[in-house]
Amino acid sequence: MSAKKLYVIANSHMDPIWLWRLREGRSTWLNTCRSVVRMLKKYPFLKFCRSSSSCYEWIEACDPALFAGIRELVDAGRWELVGGWVEQSDTIITPGEVLFRQAEFGKRYFREKFGKEVRIGYSVDSFGQNAGLPKILNATGFDRYVFMRPMAEEKSMPYLFRWRGDDGSEVVTLRIRQAYCTLPGWKEKQELFDWIDRLFAEGDEHQTFFFGVGDHGGGIYEKQLNWLLEAAETRAIEFSTLEHYFDVIETMDLPVCEGELTHHSPGCYSAISAVKQQLASAERALFKAEKLVLESPGPDAEADKKRLDDAWNQFLFNYFHDVYPGTAVKKAFEGEVRDLTGYTRWIASTILEKRLGRYAARAKSDFLTEGGVLLWNPLPVPVRALFQFDTFADPNCNGKHFNALLDGDGAVVPLQFLRAATPYGPNNAWGRATAVVDLPPSGLRIFAYSHEANSPAALGFERQKAAFARIAFPILADVGDTWGHGLARLGETIGEAERICFEEIDNGPAASCLRGRYRWKQSEFQLDLFAFAGIPELFARWRAEWHEKDDTVKFCWRTGIDGGELLSGQAAALLSRMPDACEQPFIDFVAAAGSDGKTSGILAEALHSYDSFGSGELRLTLLRPVCYAEHLPHRPHGDEGYADLGEVEQEFWISDGRPATELPVIARERLWGAEHLEITAASDGAELLRTVWSVEPPEVIALCQNSRVFRLWNSAAEPKKFRLRRDGAEFASGTLAPAEIRTLPAR
């Protein structure tokens, strides 16, 4: 008999949303767990593992008796809590702080309801693993991790290893062989026996065998369990928990792996662009609302904290690995995904606007004569912020538009009114108020609308013209399914969109906009490039009327940097890649880096995909029309239609010439922006009470600022001394190692 041993891990993978709606997914949670509890009662040797606090929370609400039965099994060591997150999140393009929140809210639930500290990270169906994940797992109390993708044919790597993060932290990691559940092909006993024998022949000394009907739940099929019991009579098979398995292997001399673990489904980095836009917007609103509660708690602080916690707990579900990557059915995106995001956004924006309103009522504004605007910087570092909103250009019918902002000391900032959403406005004096202002850390400034006799010169269009000369729009014949299964890149280039003309849209002292119009087959689109006073980056707004199914659109930026490395944002990490023509993921920024340390690339909060052939070009994936949940080799019938056809809009920034060390900092500054509120109040400012937080140096990025914690990340490749200040006084200080994340209490 072989010295090898097979540890059977009974489980049932249950996607709450995928080819079905959430109602069906929740029913699966209930029905499967009822079935499993019955099986565990019948077979006392059997153990079972299940992740995701959202599942347990629903069971607790719907079937308290079932929940009590599960808790008894947990106490008996036969029902294992794994994962520790709200849901099995996407782990490729999800921002790092969101993964911290998955652990915060998931682990809190498991501690409160079961008295357990979950140590085993578990996201077995995600489509790849971000380079920042081992560090985040380690920082949130996970020292073990289980995943499945990339699989053997996609990446050559061990099945058992220590996964090392960029800060040197490690998690003992298991990559599942073949499947996280019973395979559909095991319909006969011999087929199951053959697979088990192959594991003994080819696998490690200690290996797992994941057993149980999954995908849409089901649990443990009794007939197959009896087959497995028969196999155990002549083979070294143990019914185990993952905790016991890791206890066995973690003292072994395991190989070390570093960096990202891809390349499984490159299509999901860009599929269903609307869900990525919606989640990015809601996420930013949550962070900003939390920061305002931290700055000025007030009598309703506890109520607002509870509302924000509820919003987070619900919203984290939408980062599930079949939602954020865009691989679920259409009705799910149009229903519960949209509703959960809207619910989150409404709570966050209501709290944000209420608290900005309080600032407006109490901040010094007695110098206003015809109204003005309050601006707030949500970041604890100084920023040069752009603000834009549609409003009156001449509310008092003076016959002339406002053209400046004045602060309380008389400092002047150019104000310009660009095209608004509609050309009509009351008194025909309507436009998009636009200005660029410098804001201090966590800064609050009030400006009065004003008329200045002398206005600075218009910016002109030279910067945009130079940029357009470096831009092209390659079109790919995309033959992949929604996931992009089996693809290294999305398709071959079949041509470039034809530029039709340029149009000069706006030109003034604060901003200018030059539009390029393009055509491809029966589709047309436009690229608006905005230059803003004092901001080196160009803002790009791409709008399309797109009709070409399976034609993927790339934005090609000629960086002028041949070869060399490509720097991309990850989940609270940086990653260096070489150009390889593969579709690759990024978070917030990707840029080519030259030998002089200068970079050229893209900043984007809701676009996550690029490729590069090392020819001085970086190609951002703008649009990938796909059938909803198309999974090859099954060709779609087309009844549900295509995503990302018709009117589509994308936004991003073009960055050129920034030092590589500034990329994480400038990406955060551009993508977060300032918050505004129009005011007509006349307060002397004596009643304004708020706490001003600042962090230095700028390379130390505050991933999180709320009433519980500050989370700081050293984005630099060398140690950084940091200072966290509250109202100018030092609150905390220390030295962060390269790439280190440190969480500090906010009190």
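Computation of the quantities below employed the complete heavy-atom set of this structure, encompassing side-chain atoms and omitting hydrogens, waters and symmetry-equivalent molecules.
A distance of 12.0 Å separates OG in S89 from CG in D125, rounded to the nearest 0.5 Å.
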Q.
Checking C62 against L30 for the side chain to side chain contact (heavy atoms under 4.5 Å, CB included) test, could you report, in this order, the C-alpha distance in whole Å, the side-chain angles of both residues, the deciding distance, and whether it holds?
A. CA-CA 8 Å; C62 296; L30 291 164; 4.0 Å; yes

(Q) As a quick check of understanding, evaluate side chain to side chain contact (heavy atoms under 4.5 Å, CB included) for S609 and Q584, giving each step before the final call. (A) CA-CA 6 Å; S609 190; Q584 298 285 12; over 6 Å; no

Q: Take R78 and E72 through the test salt bridge (charged side-chain N to carboxylate O under 4.0 Å, His left out) and record every step on the way to the result.
A: CA-CA 9 Å; R78 297 184 57 213; E72 289 178 4; over 6 Å; no

Q) When you look at K155 and R149, which way does the side chain to side chain contact (heavy atoms under 4.5 Å, CB included) test go after all the steps? A) CA-CA 9 Å; K155 187 176 182 67; R149 300 186 180 95; over 6 Å; no

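With Y319 as the partner, the side-chain hydrogen bond (donor to acceptor under 3.5 Å, both in side chains) test is satisfied by one option alone out of Q102, E283, R101: E283. Shown are E250, E80, E243; of these, the salt bridge (Lys or Arg N to Asp or Glu O under 4.0 Å) with R144 is made only by E250. Of the options W18, Y180, Y122, a ring-ring contact (aromatic ring centres under 6.0 Å, His included) to H13 is made by Y180 and by none of the others.
In this structure, F114 has its ring center under 6.0 Å from that of Y56. Side-chain rings of Y145 and W85 stay apart, their centers remaining 6.0 Å or farther from each other. If you look at F315 and F105, their ring centroids are not closer than 6.0 Å.
K276 forms a cation-pi arrangement with Y324, by the criterion of a distance under 6.0 Å to the ring centre and an angle within 45° of the ring axis. Geometric assessment of R235 against the ring of F200 yields a negative cation-pi assignment under the 6.0 Å and 45° thresholds.
Here K331 does not pair with E640 in a salt bridge; the nearest charged N to carboxylate O distance is not below 4.0 Å. A salt bridge links E104 with R108: the distance from a Lys NZ or Arg NE/NH1/NH2 to an Asp or Glu carboxylate oxygen falls below 4.0 Å. Using a cut-off of 4.0 Å between Lys/Arg side-chain N and Asp/Glu carboxylate O, D611 and R489 are scored as not salt-bridged.
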Contacts table for residues 170-179: side-chain donor-acceptor under 3.5 angstrom, sequence neighbours left out:
| from | atom 1 | to | atom 2 | distance (Å) |
| --- | --- | --- | --- | --- |
| E170 | OE2 | R164 | NE | 2.8 |
| E170 | OE2 | R164 | NH2 | 2.6 |
| T173 | OG1 | V171 | O | 3.0 |
| R175 | NH1 | P150 | O | 3.1 |
| R175 | NH1 | M151 | O | 3.4 |
| R175 | NH2 | M157 | O | 2.7 |

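A side-chain donor-acceptor contact under 3.5 Å links D478 to the backbone of G480. A donor-acceptor pair under 3.5 Å is absent between the side-chain atoms of N138 and the main chain of S169, judged by distance alone. Judged by distance alone, with hydrogens and angles left aside, the side-chain atoms of K47 form no donor-acceptor pair with the main-chain N or O of V8 at under 3.5 Å. Judged purely by atom type and a 3.5 angstrom limit, T32 uses its side chain to pair as donor or acceptor with the backbone of G218.
A629 and T482 make their closest contact through N-OG1, 3.4 Å (heavy atoms, listed as atom of the first residue, atom of the second, distance).
Counting only heavy atoms from C-beta outward, the side chains of Y245 and E238 never approach each other to under 4.5 Å. Residues I237 and I196 form a side-chain contact, since some pair of their non-hydrogen atoms from C-beta on lies under 4.5 Å apart. Using a 4.5 Å cut-off on side-chain heavy atoms (C-beta onward), F209 and W195 make contact.
The aromatic rings of H485 and H631 are tilted relative to each other, their planes meeting at an angle between 30° and 60°. Relative orientation of the W163 and F147 rings is tilted, given thresholds of 30° and 60° on the angle between their planes.
Taking a 6.0 Å sphere around CZ of R23, one finds it holds 12 or fewer heavy atoms contributed by other residues, nucleotides or ligands.
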